[in-house]
Amino acid sequence: MKYATSPAAGRAELTEYYEEQGSSLRELAVPAAERIWQVTKNNKFLIAGLIAASLILGVIATLLMTPKYQASARIEISRVETNVTAVEGVETQDQVLDAQYYETQYELLRARSLAEQVVREGNLVSNEAFLAAFPIEELGRDPEKELASMLLDNLAISPVGTSNLVDIRFTSPDPALSARIANLWAQEYIASNLARRFGATNEAREFLEGRLEQLRERLETAERELITYAAERNLFTVDAPSEGNSDDTAAQTLVASDLQTLNSALAEATTARIAAQSAVEAAGTALGQEDAAAIQPLRQRRAELSAERAQLRTTAGDEYPTVRALTDQIAQLDREITQAETRSGSAVRARYRQALQTEQRLRDRVNELRVEFVGQRRDSVRYNILQREVDTNRSLYNGLLQRYREIGVAGVGENNIAMVDAAEIPTIPSEPNLIRNLLLSLLIGGAAAGGIVLLREKLDQSIRDPAEVPELLGVPLLGTIPRVVDESVQDALVSKHSELHEAYFNLFTNLGFLSEAGVPKYLMMGSTRPAEGKSLSSVALAGILTERGKSVILVDADMRLSGLSKYLEVSGGKGLSNVLRGEEDWETMLQKGTPFGFVVLPSGRQPPNAAELLAGKRFSDFLRTLGETYDHVIVDAPPVLGLADAPLIASAVDGVVLVIEANRGKVRMIAQSLDRLEMGGGKVFGAVVTKLDQRNQTYGYGYGYGYGYTYGQKTEAQ
């Protein structure tokens with residue numbers, strides 16, 4: 001598979017490649033939060049430095065600033081009634097009006113006119129303390145306005161929550177001056193509010209005085225007419241009629257009272273007369289209650305004696321002395337009862353006559369009063385009209401008089417604005433605030449660090465996520481190699497249990513999928529720049545192939561700056577450059593790749609122009625000669641960019657494995673390297689990403705991936 005002309009084409013070719021080889025493309029989804037955390041860790045020193053520098057600058061700026069002192073005076077603003085006539089419905093009490101009222105007061109506190117008034121009352125134009133605290137080179141034609149603007153710039157009006165309290169804060173370099181101006185501001189605001197209210201009160205008082213005089217005259221006239229008419233018509237009432245209910249005046253006069261009393265007495269007399277008449281008509285035997293009560297004991301005694309006599313008669317005759325005595329007693333009781341009944345009848349008739357006479361007299365008097373009451377009812381119509389006029393005038397007069405008194409007392413004598421707490425001279429400066437400035441510096445430093453890190457991330461075109469190689473470069477990802485720091489690279493490479501060896505074994509496995517024969521016979525290991533790990537990758541791959549029983553020769557084609565001596569015990573002397581110059585005894589130039597079992601052909605002495613040696617057919621023929629003896633020929637090529645050597649070598653081998661260092665370089669340069677290789681006739685098998693470290697953990701590589709080692713910090717691989 002060759003390098004694609006676009007990322008989309010590269011992705012399609014990559015998918016097709018893995019489908020042909022029986023593998024699948026691995027996709028990594030990196031959470032945004034984890035990515036941000038990893039970026040922060042990767043740039044922790046830069047971020048810490050920027051934040052520390054910002055904090056230091058904040059401390060220095062704080063120390064250089066002139067201390068300022070803020071004094072605060074607290075006042076209370078109460079809601080007032082503006083309806084001086086107390087007529088219902090003139091003013092609507094609701095939250096909207098309250099909000100408007102208080103917003104108006106806050107703006108009045110910030111008014112330029114109030115500031116100019118403070119300047120005048122405080123004589124700030126010639127106040128040395130004020131002029132020293134606020135240096136002014138020269139005052140203009142209107143110094144009051146200039147100083148008023150300066151006061152407003154240093155004034156703060158702060159309502160206290162949802163209460164009626166308001167704080168007036170003034171800040172200046174002089175603490176005593178700050179307290180004085182804050183208190184003076186509050187006092188002048190209260191005075192100006194009184195002046196505004198006093199002006200409105202005077203207008204209301206003048207209006208009410210005129211109305212009160214008119215109503216007083218009307219009330220006096222109405223009362224005179226009422227009294228005169230009542231005297232002429234003899235309409236003397238027992239109780240004054242209630243206000244607003246003067247229609248029952250006739251029913252409240254002396255005649256009506258007498259009529260009511262006599263009418264009640266007439267009803268009682270009629271009842272007594274009817275009772276007496278009933279007693280008289282009861283056949284003359286009816287007894288009064290008192291007489292019946294007196295006779296009842298006599299009748300009861302007679303009944304007892306009769307019962308006793310009847311009992312004796314059953315055993316003795318009428319001539320028996322006891323029977324005769326009882327008979328005499330019974331006869332005596334009969335006489336007494338008869339006399340009592342006679343007296344009772346005379347008393348009943350006498351009572352009847354008296355009740356009848358009383359009833360008649362009362363009826364005559366009631367009829368006389370009734371005639372007089374009817375006349376007063378007719379006269380009371382006019383009286384009620386006069387009484388209502390008096391009531392109306394009195395109600396209006398009393399209401400306006402009460403409002404007039406309220407205006408005179410509350411409207412002028414009281415103020416809806418009061419001083420709660422006077423400003424005290426501050427002892428601690430309010431500015432500069434070290435904690436606030438440090439927090440602001442921390443915020444600015446954090447924002448600057450974030451912006452710089454973000455810019456670096458945007459400008460950084462290096463490979464951070466190896467999984468992006470197919471998409472960005474259009475070539476398969478053949479392997480990922482960690483960086484080693486805990487042990488030497490040679491030890492990690494020799495140990496079969498090391499993470500480094502495991503990573504290169506994975507590369508070997510992936511190379512086996514490139515063709516039906518397995519790992520290509522002629523393979524070039526190249527890189528865009530020096531020190532990306534191609535020499536180490538060449539040694540590692542040659543060692544693994546040797547372990548698998550293959551005869552391998554590693555050709556050092558970097559005749560300008562060889563890097564194999566970092567990993568192999570090879571000496572200088574003759575090598576590839578000698579062979580390309582025509583020497584035929586190349587077998588004598590071979591060296592053992594200690595501590596590995598493969599053969600190494602060194603680069604030889606540095607030629608004047610290595611590209612001319614590689615350009616001819618001799619190099620490709622020499623590789624074919626090596627292929628007749630060895631199973632695999634691995635070529636450690638020089639960097640691609642800046643040199644013509646690598647494209648010439650790529651055209652002579654089966655394919656190229658491009659080694660890319662993570663977190664370094666630019667994708668654009670890597671893409672140019674791939675273009676040069678393909679334009680030179682080379683075939684790119686894929687890429688290997690090396691030197692993965694903790695910066696690649698977010699993408700599933702490095703420490704979190706299982707390759708916890710890094711290399712290149714102790715020994716930088718080429």
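Predicted, not measured: the structure shown is a model, and the values here were computed from it. Just the heavy atoms: all of them, side chains too, but no hydrogens, waters or symmetry mates, feed the values below.
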Worksheet item: Would Asn154 and Thr171 satisfy side chain to side chain donor-acceptor pair (under 3.5 Å), going step by step from the backbone distance to the final call?
Response: CA-CA 5 Å; Asn154 293 274; Thr171 305; over 6 Å; no
Discussion item. With a 4.5 Å cut-off on side-chain heavy atoms, are Glu499 and Glu502 touching?
Written reply: yes
Worksheet item: If we only count heavy atoms from C-beta on, is the Ile553 to Val633 side-chain gap below 4.5 Å?
Response: yes
Practice prompt. Run the numbers on Lys521 and Asp654 for side-chain contact (heavy atoms from CB on, under 4.5 Å), then give the verdict.
Written response: CA-CA 7 Å; Lys521 187 177 184 66; Asp654 293 339; 3.9 Å; yes
Worksheet item: Distance only, no hydrogens: is a donor on one side chain within 3.5 Å (strictly under) of an acceptor on the other, for Ser178 and Ser172?
Response: yes
Discussion item. Please evaluate residues Leu473 and Leu658 with respect to the criterion side-chain contact (heavy atoms from CB on, under 4.5 Å), reporting the C-alpha separation (whole Å), side-chain torsions for both, the decisive distance (0.1 Å), and the verdict.
Written reply: CA-CA 11 Å; Leu473 303 175; Leu658 187 65; 5.6 Å; no
Fill in: Nearest-0.5 Å distance that lies between atom CD1 in Ile51 and atom CD1 in Ile56
12.0 Å
Discussion item. Tell me if a side-chain donor or acceptor on Arg618 pairs with a main-chain N or O of Val579 at a distance below 3.5 Å.
Written reply: yes
Discussion item. Any heavy-atom pair between the side chains of Ile435 and Leu439 that's under 4.5 Å?
Written reply: yes
Worksheet item: Is there a side-chain contact between Phe619 and Leu613, using heavy atoms and a 4.5 Å cut-off?
Response: no
Item to complete: Grab the two heavy atoms, one from Gly597 and one from Thr546, that are nearest each other, plus how far apart they are.
Response: C-CG2, 3.8 Å
Fill in: Pairwise distance CG(Leu674) to CD1(Ile660) - rounded to 0.5 angstrom
7.0 Å
Discussion item. Which residue is it: Asp556, Val635, Leu601? I am looking for the one with a side chain to side chain contact (heavy atoms under 4.5 Å, CB included) to Leu576.
Written reply: Leu601
Discussion item. Would you compute the distance between atom CD1 of Ile634 and atom CE of Met525 and round it to the nearest 0.5 angstrom?
Written reply: 7.5 Å
Item to complete: Take Leu564 and Leu554 through the side-chain contact (heavy atoms from CB on, under 4.5 Å) test and state the conclusion after the steps.
Response: CA-CA 10 Å; Leu564 289 180; Leu554 176 59; 3.8 Å; yes
Item to complete: Would you mind reporting whether Phe596 and Glu547 have side-chain heavy atoms less than 4.5 Å apart?
Response: no
Worksheet item: Between Asp558 and Ser603, do the side chains contain an N or O donor and an N or O acceptor separated by less than 3.5 Å?
Response: no
Worksheet entry | Atom CZ of Arg605: over 12 foreign heavy atoms under 6.0 Å | no
Worksheet item: Are any side-chain N or O atoms of Lys691 and backbone N or O atoms of Ile481, one a donor and one an acceptor, separated by less than 3.5 Å?
Response: no
Discussion item. Closer than 3.5 angstrom, by distance alone: can the side chain of Gln591 be matched with the main-chain N or O of Val600 as a donor-acceptor pair?
Written reply: no
Item to complete: Give a yes or no on this: more than 12 heavy atoms of other residues, nucleotides or ligands lie within 6.0 Å of atom CG of Leu64.
Response: yes
Fill in: Min side-chain heavy-atom separation Leu438-Thr62 under 4.5 Å
no
Worksheet item: Taking the six-membered ring of Phe505 as reference, does the NZ or CZ atom of Arg548 fall below 6.0 Å from its centre and within a 45° cone about the axis?
Response: no
Worksheet item: For the residue pair Phe598 and Val552, what are the closest heavy atoms and their distance?
Response: CB-O, 3.4 Å
Worksheet item: Rounded to the nearest 0.5 Å, how far does CG of Asp585 lie from CD of Glu587?
Response: 7.5 Å
Worksheet item: Counting N and O atoms only, with roles assigned by atom type, does the side chain of Lys550 sit under 3.5 Å from a partner on the main chain of Ile544, one being a donor and the other an acceptor?
Response: no
Fill in: Nearest atoms (heavy-atom pairs only) where Leu623 meets Ala652
CD1-O, 3.8 Å
Discussion item. Keeping Arg169 on the side-chain end and Ser158 on the backbone end, is there a donor-acceptor pair under 3.5 Å?
Written reply: no
Worksheet item: When rounded to the nearest 0.5 angstrom, what is the spacing between NE2 in His501 and CZ in Phe508?
Response: 10.0 Å
Item to complete: Give a yes or no on whether the backbone of Ser551 and the side-chain of Asp631 come within a donor-acceptor separation of less than 3.5 Å.
Response: yes
Worksheet item: Checking side chain to side chain contact (heavy atoms under 4.5 Å, CB included) against Pro530, which of Pro639, Pro638, Ser535 comes through?
Response: Pro639
Worksheet item: More than 12 non-hydrogen atoms from neighbouring residues, nucleotides or ligands closer than 6.0 Å to NZ on Lys68, yes or no?
Response: no
Discussion item. Between Arg560 and Asp645 (salt bridge meaning N to carboxylate O under 4.0 Å), is one present in this structure?
Written reply: yes
Worksheet item: Looking only at heavy atoms, what is the nearest atom pair of Ile452 and Leu50, with distance?
Response: CD1-CD1, 3.5 Å
Worksheet, complete the sentence: Tightest non-hydrogen contact, residues Pro595 and Tyr567, listed as CD-O, 4.2 Å
Practice prompt. Report the distance from atom OG1 of Thr690 to atom OH of Tyr504, rounding to the nearest 0.5 Å.
Written response: 6.5 Å
Worksheet item: Which heavy atom of Arg112 sits nearest a heavy atom of Leu152, and at what distance?
Response: CA-CD1, 4.2 Å
Worksheet item: Does a sphere of radius 6.0 Å around CG in Leu63 hold more than 12 heavy atoms from other residues, nucleotides or ligands, not counting ones at 6.0 Å or beyond?
Response: yes
Practice prompt. Evaluate the criterion side-chain contact (heavy atoms from CB on, under 4.5 Å) for residue pair Thr625 and Trp586; output intermediate values, then yes/no.
Written response: CA-CA 11 Å; Thr625 302; Trp586 56 270; 4.1 Å; yes
